[in-house]
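Reviewing the structure listed below.
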Amino acid sequence: MKEPQTLRIHDTLTDTLQPVLPADGKRVGFYCCGPTVYASAHIGNFRTFIVQDVFRRVLELSGTPVKHVRNITNVDDKTIKASQDQGQSLNEFTAYWTEKFHADCAAMNLLGPQIEPGAVEHIAEQIEMIRVLMEKGHAYRAEDGSVYFRVESFPQYGRLSKVSERELTTTTTARSEDEYDRDSLADFALWKAAKPEDGDNFWESPWGSGRPGWHLECSAMSTKYLGPGFDVHSGGIDLTFPHHENEIAQSEACTGETFARLWLHVVHLMVDGRKMSKSLGNMYTLDDLKAKGFLPAEVRYGLIAGHYRKHLNFTLPGLEAARPNLQRLARLDRQLHEAAGHPKLPKYAALCKRDNNPDALGRFAPAFASLLDNLNVPKALGETFRAAGELEKQPAAATEADYFGLRVLLEALGLELPPVEVEEAPEEIRALAEARLQARADKDFAKSDELRDEILALGWRVKDVKGGYELEPA
RNA sequence: GGCGUGGUGGCAGAGUGGUCUAAUGCGCGGGAUUGCAAAUCCCGUAUUUCGUCGGUUCGAAUCCGACCCACGCCUCCA
């Protein structure tokens, strides 16, 4: 028996590698900043969500349950504006895009968070937080009815992003004048007074009608579902400042307790060596890539192929590597399944309950160990293929532990393998294939090749195997 | 301007003092197999080389310095 293994990740706050352990000794409270639902999420968004998904899977597979909360931002400037442009109510509009987001997540095999709170559904909690902040002197109401957090009332401000308040004020001052009326340009909105262009998208509060500021929803909802202090908070690297900095300030000023203990930030994705942006036309959604013939599982593979702390250069030719890799893993999976005596396919939940110590993972123990080491997915993939190479050369050496090891690893990465069973071809295609088999038996190769082309034209590829053929969609 | 990250083979991407003549994948080249293919399998594929120039060290892709280059955040963009 080896020692139990603990996942360690890089923590932004301390800039060190930290073990991920539940403070309550039971399960890790994990909060992720979710999408703003006004359009399809793009692959950059998904890189972050998928890394968070892998993080959760690795924890659960190493024996630590996770309480995963991810919010839905369903009220802000963009959602309000876009819903009005569509002539829809805010609820109707955001419900549509929330559903679309869920569909994309499911296609790429993301585990759903146990709790997925929406900002609109938590207005009361947010108002309550503002009330406490006002009471404690950390917030003030401006003339227009907006409420701001007073940054200078929170001396620790800037710890996460390493921005000193002085720099912050200087840089902010250099900007154009703000439309709101706050005491210091570093201050940020907790409550935004209703404006005419918001239409009927406003709520009543003790400070007048309006809506909560963006940062506040994450503070209010994480506190509600995970408590004032919780284990891990995650998001894209760009959220470090100001979003997460502001969350810390308002939460800690309000509750007096340490907010998140660890901060997991995912570095941005690059496309063709450049930042993804609409103007460059390189802002892909899952649908865009599906239209180009890629499968969601391949997109997922492509998005985890780089370490989360480094820029990942996403390219279409690069994505093509996913298919042969997944197919190879599928063959290996089948081979090991057979070698293990055709056990029942272990479900994710069952694998989480299993003791996945290195001895139990066979040749895939180094791959899983790489994941525990700051989620080093590229290293894990390398170790996986190294093990695969050994097993392919010596199939007889395969053990049951190898099979379970591969299963654990694939589940940790959330990779769904392409089906290996031959898809049932239509009668018409089968008849052509039979005719071709006969032609080959008759050594009439001209006719045989003709039939092969005909089958291909109908969307199927025929492969010759010993004494017969196989058909697969082309 | 401030803060920060990174520059490794055709591409992607591990490796952070010696086991690196640098993992792994894709691609590419050769071979086996095949009537020819496809699929599959096997072999090879950076030949003191890891942006450049110096330095530290018995020893550096890995540490230090300078420089060049790319990129990110500082804008309610993951």
Side-chain angles (χ1 to χ4, degrees), chain A residues 12 15 32-36 41-52 73 75-79 158 161-164 166-168 170-172 174-176 188-189 192 213-217 234-243 245-246 265-270 273-278 283 301-303 305-315 317-329 331 366-367 370 376-389 392-393 439-440 443-446 448-449 452-453 456 461-466 469-470 472 474:
Chain A
T12 308
D15 198 26
C32 299
C33 292
T36 301
H42 53 68
I43 56 170
N45 298 312
F46 279 114
R47 149 121 130 147
T48 297
F49 298 135
I50 291 173
V51 166
Q52 291 162 344
T73 297
V75 55
D76 78 325
D77 290 337
K78 292 192 293 278
T79 45
S161 53
K162 280 78 178 170
V163 181
S164 81
R166 189 164 162 273
E167 285 164 7
L168 182 73
T170 355
T171 52
T172 320
R175 292 182 197 301
S176 58
F188 56 90
K192 296 180 140 184
W214 172 45
H215 312 297
L216 190 59
E217 62 177 274
S234 177
I237 185 79
D238 58 305
L239 296 184
T240 310
F241 183 87
H243 185 55
E245 199 68 70
N246 292 352
H265 286 111
V266 182
V267 170
H268 278 350
L269 177 76
M270 313 290 289
R274 313 197 59 176
K275 179 180 177 170
M276 197 167 43
S277 76
K278 276 178 192 154
M283 206 164 198
Y301 186 99
L303 291 175
H307 189 94
Y308 77 90
R309 290 252 297 151
K310 282 179 113 176
H311 292 300
L312 168 69
N313 190 15
F314 186 93
T315 64
L319 188 55
E320 281 166 16
R323 185 162 303 173
N325 284 336
L326 288 171
Q327 283 173 345
R328 182 176 170 194
L329 291 172
R331 278 196 305 278
S370 300
N376 195 338
V377 176
K379 179 84 183 299
L381 287 171
E383 296 290 358
T384 299
F385 284 112
R386 181 206 290 279
E392 283 158 355
K393 274 177 200 156
R440 292 186 68 230
K443 306 243 183 268
D444 184 354
F445 297 122
S448 161
D449 290 350
R452 178 165 59 200
D453 290 345
L456 188 63
R461 178 173 291 123
V462 60
K463 298 194 286 192
D464 294 337
V465 297
K466 203 166 42 180
Y469 59 86
E470 278 177 8
E472 64 176 27

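Below, read A as the first sequence line, B as the second, and so on, with proteins coming before strands; counting in each chain starts at 1. Hydrogens, waters and symmetry mates are skipped; everything else that's a heavy atom, side chains included, is used.
Applying the 3.5 Å distance criterion, the base of G72(B) shares no donor-acceptor pair with the side chain of Asp238(A). For A38(B), its base never sits under 3.5 Å from the side chain of Arg452(A) at any donor and acceptor pair. For Arg328(A) against C26(B), no side-chain N or O and base N or O form a donor-acceptor pair under 3.5 Å.
As rounded to the nearest Å, G17(B) and C63(B) have P atoms that lie 8 Å from one another. Across A32(B) and C68(B), the matching C1' atoms stand 49 Å from one another, rounded to whole Å. Going from the C1' atom of U21(B) to that of G30(B) covers 23 Å, rounded to whole Å. Of the P atoms belonging to U24(B) and G15(B), the separation is 14 Å, rounded to the nearest Å. Comparing U16(B) with C26(B), their P atoms are spaced 24 Å from each other, to the whole Å.
Taking the nucleotide of RNA chain B with the nearest heavy atom to each of Asp449(A) and Val465(A), the more 5' of the two is matched to Asp449(A). Each of Gly306(A) and Ala446(A) was matched to the nucleotide of RNA chain B holding its nearest heavy atom; the match closer to the 5' end belongs to Gly306(A).
Residue contacts for Gly318(A): at a heavy-atom cut-off of 4.0 Å it reaches no nucleic acid atom on any strand shown. At the heavy-atom level, Lys275(A) lies under 4.0 Å from base atoms of the strands shown. Asn313(A) comes within contact range of the sugar-phosphate backbone alone, with a heavy-atom separation under 4.0 Å but no base atom that close. Heavy atoms of Phe385(A) sit under 4.0 angstrom from primed sugar atoms or phosphate atoms, though from no base atom. Counting non-hydrogen atoms under 4.0 angstrom, Asp464(A) reaches a base of the nucleic acid. Within 4.0 Å (heavy atoms only), Leu312(A) reaches sugar-phosphate atoms of the nucleic acid but no base atom. No contact: Arg309(A) has no heavy atom under 4.0 Å from any strand. At a threshold of 4.0 angstrom between heavy atoms, the contacts of His42(A) include nucleobase atoms, whether or not backbone atoms are also involved. At the heavy-atom level, Pro378(A) lies under 4.0 Å from base atoms of the strands shown. At a threshold of 4.0 angstrom between heavy atoms, the contacts of Thr384(A) with the nucleic acid are absent.
We find the CD1-OH distance between Ile237(A) and Tyr308(A) to be 10.0 Å, quoted to the nearest 0.5 Å. Of the inter-residue distances, the one linking Leu303(A) atom CG with Ile50(A) atom CD1 reads 4.5 Å to the nearest 0.5 angstrom. Interatomic distance, Glu470(A) CD to Asp464(A) CG, rounded to the nearest 0.5 Å: 10.0 Å. Remark: Met276(A) CE to Ile43(A) CD1 distance equals 5.5 Å, nearest 0.5 Å. In this structure, Leu319(A) CG and Phe314(A) CZ are separated by 4.5 Å, a value rounded to the nearest 0.5 Å.
Whole-Å rounding puts the Phe314(A) CZ to C26(B) C1' distance at 14 Å. Rounded to whole Å, atom P of U24(B) lies 13 Å from atom OH of Tyr301(A). In this structure, Met276(A) places its CE atom 16 Å from P of C71(B), rounding to the nearest Å. Atom-to-atom, CG of Leu239(A) to C1' of A78(B) comes out at 6 Å; the value is rounded to the nearest Å. Taking atom CZ of Arg461(A) as the reference point, atom P of C36(B) lies 19 Å away to the nearest angstrom. Atom CZ in Phe241(A) sits about 17 Å away from atom C1' in A78(B), given to the nearest Å. Atom NZ of Lys393(A) is separated from atom P of U40(B) by 17 Å (rounded to the nearest Å). For Asp15(A) and C73(B), the CG to P distance is 19 Å, given to the nearest whole Å.
Taking a pair as Watson-Crick or G-U wobble with both distances under 3.5 Å, the runs of three or more consecutive pairs in RNA chain B are B:1-7 with B:68-74, B:10-12 with B:24-26, B:27-32 with B:40-45, B:51-55 with B:63-67.
Applying the side chain to side chain contact (heavy atoms under 4.5 Å, CB included) criterion to Ala321(A), with sequence neighbours excluded, gives Asn325(A).
Residue Pro324(A) has its side chain nearest to C26(B) when only C26(B), G72(B), G35(B) are considered. When distances are taken from the side chain of Asn376(A) to each of G25(B), A14(B), C36(B), the shortest belongs to A14(B). Residue Lys463(A) has its side chain nearest to A38(B) when only A38(B), G35(B), A14(B) are considered.
The closest donor-acceptor contact from the side chain of Asn313(A) to the backbone of Gly273(A) lies under 3.5 Å. Under a 3.5 Å cut-off, the side chain of Ser448(A) and the backbone N or O of Asp444(A) do not form any donor-acceptor pair.
The side chain of Lys379(A) places no N or O atom within less than 4.0 Å of a non-bridging phosphate oxygen (OP1 or OP2) of U16(B). Residue Arg331(A) places at least one side-chain N or O closer than 4.0 Å to OP1 or OP2 of U40(B).
Using a 4.0 Å cut-off between charged side-chain N and carboxylate O, Arg328(A) and Glu392(A) make a salt bridge.
Relative ring orientation between Trp214(A) and His243(A) is described as parallel, the plane-to-plane angle staying below 30° on a 0-90° scale split at 30° and 60°.
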